[in-house]
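First comes the structure, then the notes that go with it.
Values below: all heavy atoms of this structure, side chains included; hydrogens, waters and symmetry mates excluded. Naming: A, B, ... by sequence-line order, numbering from 1 per chain. Quick caveat: nothing in here was measured; it's all calculated off a predicted structure.
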Amino acid sequence: MSTNWPIVFMGTPQIAADTLERLCAGPDTVVGVVTQPDRPSGRGQKTAPPPVHRFAEARGIPVVAPEKIRTPEFLDVLRAWQPMIIVVVAYGRILPKTILELAPHGCLNVHYSLLPKYRGAAPAAWTIINGELQGGVTTMRLVEKMDAGAIYLQDAILLACDETTGSLQKKLTPIGARLLLETIRGLKQGTLRPQEQEEAQATLAPILKKEDGLIDWRRSAVEIERRVRGFVPWPGSYTYLAGKLLKVHRAKIASSEFAGSPGEIVRAHADAFWVRTSSGVIALEEVQLENKKRLPAAEFIKGARIKAGDRLG
RNA sequence: CGCGGGGUGGAGCAGUCUGGUAGCUCGCAAGGCUCAUAACCUUGAGGUCCCGGGUUCAAAUCCCGGCCCCGCAA
């Protein structure tokens with residue numbers, strides 16, 4: 001029906017690329033894409049363009065990957081595209097006011113939590129780590145304060161009991177893409193009623209660091225199990241076994257109770273690899289010793305010389 | 001040229017430094033035992049020790065090259 005909007009898209013990882021694909025399938029025209037510059041990554045330190053870059057290139061959409069975004073040159077590029085709105089999905093940078101106000105409808109962000117809860121870089125992960133029963137997606141107008149802008153649309157889903165950040169993100173991405181299209185349509189029609197966030201309800205979802213993955217056995221089994229799920233696929237959870245790094249890919253609460261101190265292996269037999277925490281026992285179900293392949297607990301135990309009484313951490 | 005570990009019967013590992021008959025925990029097959037079932041005991045089958053070359057009387061082991069897997073880092 002209404003007009004065709006020129007849109008600029010800013011994003012970097014796979015979820016952003018998936019969202020961009022859906023945006024391209026909509027009624028509007030993505031006239032330009034902004035993404036992070038190539039960085040060396042992976043074994044061998046090869047540099048490769050991020051998913052959004054590859055997608056845009058394949059579609060023949062103009063792409064820029066500025067090292068710095070607070071430059072007049074970059075602003076000129078954005079202005080030349082003359083966007084009606086700028087869509088931001090996991091771009092990975094704080095945008096300055098000049099960019100937030102560059103388009104007539106400002107910057108539209110897809111955020112993977114039920115704002116005002118979990119403002120910040122890792123909303124899906126913290127939703128799981130804190131044991132929430134539901135997660136969700138919010139579209140909102142970007143403002144200078146982190147994730148504090150007025151809410152356009154929001155949708156919630158229930159979490160599975162074995163939900164990981166990866167699986168949750170996978171579920172939320174298409175929902176977010178749908179909300180994004182609905183939001184843009186609503187903005188065009190003027191039917192959208194942006195809701196200011198309730199500041200008092202706001203909580204934070206700070207960016208995760210590699211060290212967050214180190215398992216603290218003084219936490220409870222419940223907490224550790226949630227964190228293991230929340231840290232998949234990144235940064236992953238790990239502990240130490242006889243001085244060697246041991247990654248924990250999957251774990252669950254063991255039904256049995258065992259005496260022991262936090263970090264003590266209370267049972268390592270057949271398919272049971274049980275570790276005592278400060279409160280309760282946790283069963284490691286899939287682990288990976290440094291330099292080795294990831295293995296189900298049962299396989300790992302056959303080769304590892306471990307026994308009840310040995311200690312992790 | 002980012003750093004590093006590894007490839008050994010069906011699975012997971014030891015053995016490699018210090019070259020000399022292929023080992024452990026399982027699985028599989030057959031038989032046995034039991035009030036004892038995270039069962040247990042006995043016997044058995046199953047291996048080009050990743051590939052190619054070199055050194056040597058002799059190579060899983062030492063040297064060179066190749067393929068594949070993985071940890072750190074990002």
> Please give, in whole Å, the distance from B:C13 C1' to A:L241 CG?
Replying inline: 14 Å

>> Rounded to whole Å, please give me the gap between CZ in A:R267 and C1' in B:A38.
In response: 5 Å

> Atom CZ of A:R39 to atom P of B:G2: distance rounded to whole Å?
Replying inline: 18 Å

> Which value, in whole Å, describes the distance between the C1' atoms of nucleotides B:U48 and B:U8?
Replying inline: 12 Å

> Taking NE2 from A:H249 and P from B:G71, how many angstroms apart are they, rounded to a whole number?
Replying inline: 7 Å

> How far, in whole Å, is B:G7 from B:A14 if one measures between their P atoms?
Replying inline: 7 Å

>> For the P atoms, the ones on B:A45 and on B:A29, what distance do you get once it is rounded to whole angstrom?
In response: 16 Å

>> Contact list please: residues 280-298 of chain A against RNA chain B, heavy atoms, distance less than 4.0 Å, in numerical order.
In response: A:Q288, A:E290, A:N291, A:K292, A:K293, A:L295

>> So which atom in A:A148 and which in A:V143 form the shortest heavy-atom distance, rounded to 0.1 Å?
In response: C-CG2, 3.8 Å

> A:F273 CZ to B:G12 P: how many Å, rounded?
Replying inline: 17 Å

> What nucleotide, of B:A38, B:C13, B:A73, holds the atom closest to the side chain of A:R305?
Replying inline: B:C13

> Nearest-Å distance, CG (A:L245) to C1' (B:G71)?
Replying inline: 7 Å

>> Please determine whether side chain to side chain donor-acceptor pair (under 3.5 Å) holds for the pair A:R311 and A:S261, giving the CA-CA distance in whole Å, both sets of side-chain angles, and the decisive distance to 0.1 Å.
In response: CA-CA 9 Å; A:R311 170 164 293 286; A:S261 56; 2.3 Å; yes

> Has the side chain of A:T165 got a donor or acceptor atom that lies under 3.5 Å from a matching backbone atom of A:G230?
Replying inline: yes

>> If I pick the C1' atom on B:U18 and the same atom on B:G9, what distance separates them, to the nearest angstrom?
In response: 27 Å

>> With rounding to the closest Å, how many angstrom separate the C1' atoms on B:C62 and B:G19?
In response: 8 Å

> Any idea which heavy atoms bring A:T35 and A:P66 closest together, and the distance?
Replying inline: O-CD, 3.7 Å

> When the P atoms of B:U61 and B:A22 are considered, how many whole Å apart are they?
Replying inline: 13 Å

> Where do A:Q197 and A:G149 come nearest, in terms of heavy atoms and distance?
Replying inline: NE2-O, 2.8 Å

> At their closest point, which heavy atom of A:V228 faces which heavy atom of A:H249, and how far apart are they?
Replying inline: CG1-O, 3.9 Å

> In the structure shown, which nucleotide is the Watson-Crick or G-U wobble counterpart of B:U55, with both distances under 3.5 Å?
Replying inline: none

> When rounded to the nearest Å, what value does the distance between P atoms of B:G27 and B:A39 take?
Replying inline: 9 Å

> Sub-3.5 Å donor-acceptor pair from the side chain of A:T277 to the main-chain atoms of A:W217, do we have one?
Replying inline: no

> Taking NZ from A:K209 and P from B:A74, how many angstroms apart are they, rounded to a whole number?
Replying inline: 14 Å

>> Expressed as a whole number of angstroms, how long is the span from A:H269:NE2 to B:C40:C1'?
In response: 12 Å

>> Can you tell me the base-pairing partner of B:U61? Count Watson-Crick or G-U wobble geometry only, both distances below 3.5 Å, and say none if there is no partner.
In response: none

>> Taking B:U42 as the reference, what is the distance to B:C33 when you measure between their C1' atoms (whole Å, please)?
In response: 10 Å

> Considering every strand shown, what is the Watson-Crick or G-U wobble mate of B:C3 when both distances are under 3.5 Å?
Replying inline: B:G71

>> Taking ring pair (Phe, Tyr, Trp, His ring centres under 6.0 Å) as the definition, give me every residue that meets it alongside A:F273, ordered by chain and number, with sequence neighbours left out.
In response: A:F300

>> Under 4.0 Å from OP1 or OP2 of B:C72: is there any side-chain N or O of A:K210 that close?
In response: yes

